[in-house]
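Presented below is the structure to which this report refers.
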Amino acid sequence: MGGGRMLPILGAFRNHICLRTSSLTASTPRAFTSQIIKSPSLLSLDLSDSWSSPSKQSEESYTAEEYSNNCIAKIIDGKAIAENIRSRIASEVSRMKELIGHVPGLAVILVGQRRDSQTYVRNKIIASEEVGIKIKMISLPENCDECEVCNVLCRFNKDPSIHGVLVQLPLPQHLDEAKILNVINVEKDVDGFHPVNIGNLAMQGMEPLFIPCTPKGCIELLVQSGVEITGKKAVVIGRSNIVGLPMSLLLQRHHATVTVVHDFTKKPEKITREADILVTAAGVANLVRGSWLKPGVVIVDVGTNPIEDRRSEHGYRLIGDVCLEEAIRTASAITPVPGGVGPMTVAMLLYNTLLSAKRAFNFT
């Protein structure tokens with residue numbers, strides 16, 4: 001009985017040992033990385049801590065008093081940045097098809113009929129087709145069991161024409177999300193949620209095969225906008241496995257000093273007022289008000305919250321976790337909702353799928 005319980009653990013351990021070798025030998029070619037995205041590999045960022053005395057530590061690059069409240073925040077155009085990345089991905093897919101006769105393949109599994117999940121999947125299908133990535137989509141009923149989902153995953157794991165496999169989250173409550181994600185072949189885990197990929201994200205000296213798409217997109221927005229991350233105070237609102245947790249880990253790998261705010265945090269506004277970089281992923285419309293912000297803060301708003309709007313074609317519109325009207329008078333830069341993080345999440349999924357295919361074909 002005890003041995004049965006150990007099988008998933010031993011399986012994950014064996015995958016981890018294999019990954020430790022493959023992640024170093026099958027890393028992204030430097031030229032490929034620089035052609036499509038600008039954020040560096042995590043291994044290239046690793047530094048050992050070397051504390052200096054307080055008298056030698058540098059002062060902050062700016063203080064709240066130095067930032068003028070008369071300034072209007074720069075809008076970080078995630079849609080434009082994502083379109084540029086997707087154009088470069090399309091060129092690389094075309095080059096792959098011309099030289100070796102193969103293109104990347106992505107498989108998406110949708111369980112249930114959630115309207116937001118259907119929208120996200122539809123956007124991924126359209127984006128994949130636009131850049132030339134072959135896509136397969138399987139829809140399963142809301143009441144399906146874990147065996148049905150896992151059987152589909154195993155089939156895609158074995159399919160050599162599929163280089164990326166993802167399960168659209170969240171899943172219905174009766175399904176064990178962790179168990180299902182653990183079935184995905186770590187070398188095809190383009191969403192970056194496999195425990196081995198998350199574990200390697202957390203550890204210095206290691207690099208995951210894939211970084212979760214939304215946090216990766218957030219970092220890319222900061223890098224391409226010229227925002228300095230090293231040494232800055234970063235606050236992440238939310239601690240979900242999809243955004244908050246990997247976002248906090250990724251910011252640490254970029255040498256930010258990170259604080260996570262969640263439902264049980266007392267006086268969250270006091271903590272957020274210290275942030276140089278604020279990433280919000282709470283899923284609560286207008287949670288963050290102007291009084292929560294330090295002048296000059298850079299805000300990445302991951303929240304996507306529908307609110308009723310009879311003037312809109314669909315009867316609703318999307319707003320973020322941050323009250324844009326108030327934040328724009330205090331922040332130095334902010335991502336809009338929509339048009340900020342969302343397009344970057346899809347672009348990073350396409351990038352991860354291309355990266356997986358290049359590894360599979362040993363294509364440079």
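On a predicted model such as this, the values are computed, not experimentally measured, just so you know. Because only heavy atoms are used, hydrogens play no part in the values below, and waters and symmetry mates are left out as well, while side chains stay in.
Here Asp263 does not pair with Arg239 in a salt bridge; the nearest charged N to carboxylate O distance is not below 4.0 Å. A salt bridge links Glu130 with Arg86: at least one charged nitrogen is closer than 4.0 Å to a carboxylate oxygen. Ionic pairing of Lys294 and Glu274 is not present here: no N-O contact between side-chain nitrogen and carboxylate oxygen is shorter than 4.0 angstrom. Classification of Asp77 and Lys79 as a salt-bridged pair fails, no side-chain N sitting under 4.0 Å from a carboxylate O. Salt bridge present: Arg310 and Glu308 bring a charged side-chain N and a carboxylate O closer than 4.0 Å. By the 4.0 Å N-to-carboxylate-O rule, Arg95 lies close enough to Glu92 to be salt-bridged with it.
Hydrophobic clustering of Ile, Leu, Val, Met, Phe, Trp and Tyr side chains at less than 4.5 Å, counting indirect connections, unites Met96 with Ile36. Hydrophobic clustering, with ILVMFWY side chains joined whenever heavy atoms are under 4.5 angstrom apart, keeps Val337 apart from Ile237. Under the 4.5 Å side-chain heavy-atom criterion for ILVMFWY residues, no single connected hydrophobic cluster contains both Leu318 and Leu324. No path of Ile, Leu, Val, Met, Phe, Trp and Tyr side chains, each step under 4.5 Å between heavy atoms, connects Val346 with Tyr120, placing them in separate hydrophobic clusters. Hydrophobic cluster membership differs between Val190 and Ile126, with clusters built from Ile, Leu, Val, Met, Phe, Trp and Tyr side chains linked at under 4.5 angstrom.
The CZ atom of Arg317 sits 9.0 Å away from atom OG of Ser312, with the distance rounded to the nearest 0.5 Å. Residue Ile277 holds its CD1 atom at 10.5 Å from NE2 of His254, rounded to the nearest 0.5 Å. Distance check, rounded to the nearest 0.5 Å: CG of Leu350 to CD1 of Ile85 gives 10.0 Å. Phe156 CZ to Ile184 CD1: the interatomic distance, rounded to the nearest 0.5 Å, is 11.0 Å. Atom SG of Cys213 and atom CG of Leu166 lie 8.0 Å apart (nearest 0.5 Å). To the nearest 0.5 Å, the span separating OG on Ser117 from CG on Leu171 amounts to 8.5 Å.
Side-chain N/O atoms of Ser356 and Thr353 include no donor and acceptor closer than 3.5 Å. No hydrogens or angles considered: nothing links the side chains of Arg155 and Asn151 as a donor-acceptor pair under 3.5 Å. Looking only at atom types and distance, the side chain of Thr280 has a donor-acceptor partner in the side chain of Asp301 under 3.5 Å away. Side-chain contact of Ser39 with Lys216: a donor-acceptor pair under 3.5 Å is absent, judged by distance alone. Under 3.5 Å, the side chains of Gln113 and Glu142 contain no donor-acceptor pair of N or O atoms. A donor and an acceptor atom, one from each side chain of Asp321 and Asn286, are nowhere located under 3.5 Å apart.
The two residues Pro208 and Asn197 have their closest heavy-atom pair at CB-O, 3.3 Å. Of all heavy-atom pairs spanning Pro246 and Ile198, the tightest one is CB-CD1, 4.3 Å. When all heavy atoms of Ile135 and Ser128 are compared, the pair lying nearest together is CD1-OG, 3.7 Å. Closest approach of Leu245 to Ser248, counting heavy atoms only: O-OG, 2.7 Å. The two atoms that bring Ile89 and Tyr351 nearest to each other are CD1-N, 3.6 Å, heavy atoms only. In this structure, Met247 and Pro215 approach most closely via the heavy-atom pair SD-CA, 3.7 Å.
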Open item on the list: Checking Ser332 against Lys74 for the side-chain hydrogen bond (donor to acceptor under 3.5 Å, both in side chains) test, could you report, in this order, the C-alpha distance in whole Å, the side-chain angles of both residues, the deciding distance, and whether it holds?
Closed with: CA-CA 6 Å; Ser332 61; Lys74 169 190 173 184; over 6 Å; no
Using the rule given for side-chain contact (heavy atoms from CB on, under 4.5 Å), can you reason through Met137 versus Val121, listing the C-alpha separation, both sets of side-chain angles and the distance that settles it, and then say yes or no? CA-CA 9 Å; Met137 204 273 278; Val121 168; 3.9 Å; yes
With side-chain contact (heavy atoms from CB on, under 4.5 Å) as the test, would you mind laying out the steps for Arg359 and Glu187 before giving the verdict?
CA-CA 9 Å; Arg359 288 187 184 128; Glu187 295 180 352; over 6 Å; no
Show the numbers, then the answer: is there a side-chain contact (heavy atoms from CB on, under 4.5 Å) between Asn200 and Glu207?
CA-CA 6 Å; Asn200 282 339; Glu207 183 146 19; over 6 Å; no
Report task. Test Met348 against Ile37 for side-chain contact (heavy atoms from CB on, under 4.5 Å), laying out the working first. Result -> CA-CA 9 Å; Met348 293 301 101; Ile37 64 174; 3.9 Å; yes
*asked:* For Ser94 and Ser91: C-alpha separation, side-chain torsions, deciding distance, then whether side-chain hydrogen bond (donor to acceptor under 3.5 Å, both in side chains) applies.
replied: CA-CA 5 Å; Ser94 178; Ser91 297; over 6 Å; no
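Between Lys97 and His102 there is no side-chain heavy-atom pair separated by less than 4.5 Å. Here the side chains of Val111 and Val149 are in contact, with some heavy-atom distance below 4.5 Å.
Checked against Lys136 for a side-chain contact (heavy atoms from CB on, under 4.5 Å), the options Leu106, Val165, Asp159 give a single hit: Asp159.
Here Phe361 and His163 bring their ring centres to under 6.0 angstrom of each other.
The backbone N or O of Trp292 sits less than 3.5 Å from a side-chain atom of Thr272, completing a donor-acceptor pair. At distances below 3.5 Å, at least one donor-acceptor pair connects side-chain atoms of Ser240 with backbone N or O atoms of Val243. At distances below 3.5 Å, at least one donor-acceptor pair connects side-chain atoms of Asp189 with backbone N or O atoms of Phe193. Side chain of Glu326 to main chain of Cys323: no donor-acceptor pair is present (N/O by atom type, distance under 3.5 Å, no hydrogens or angles). Between the side chain of Ser225 and the backbone N or O of Leu221 there is at least one donor-acceptor pair closer than 3.5 Å. For Arg253 (side chain) and Leu249 (main-chain N/O), no donor-acceptor pair under 3.5 Å exists by modelled atom type. Panel note: side chain Asp276, backbone Lys233; a donor-acceptor pair is recorded below 3.5 Å. In this structure, Glu269 contributes its side chain and Ser291 its backbone to no donor-acceptor pair below 3.5 Å. Judged purely by atom type and a 3.5 angstrom limit, Asn352 uses its side chain to pair as donor or acceptor with the backbone of Ile211. At distances below 3.5 Å, not a single donor-acceptor pair connects side-chain atoms of Asp46 with backbone N or O atoms of Gln204.
Considering only residues two or more places apart in sequence or on other chains, Tyr316 meets the ring pair (Phe, Tyr, Trp, His ring centres under 6.0 Å) condition with none of them.
In the hydrophobic clustering (ILVMFWY side chains linked at under 4.5 Å, chained through shared members), Ile307 is joined by Ile319.
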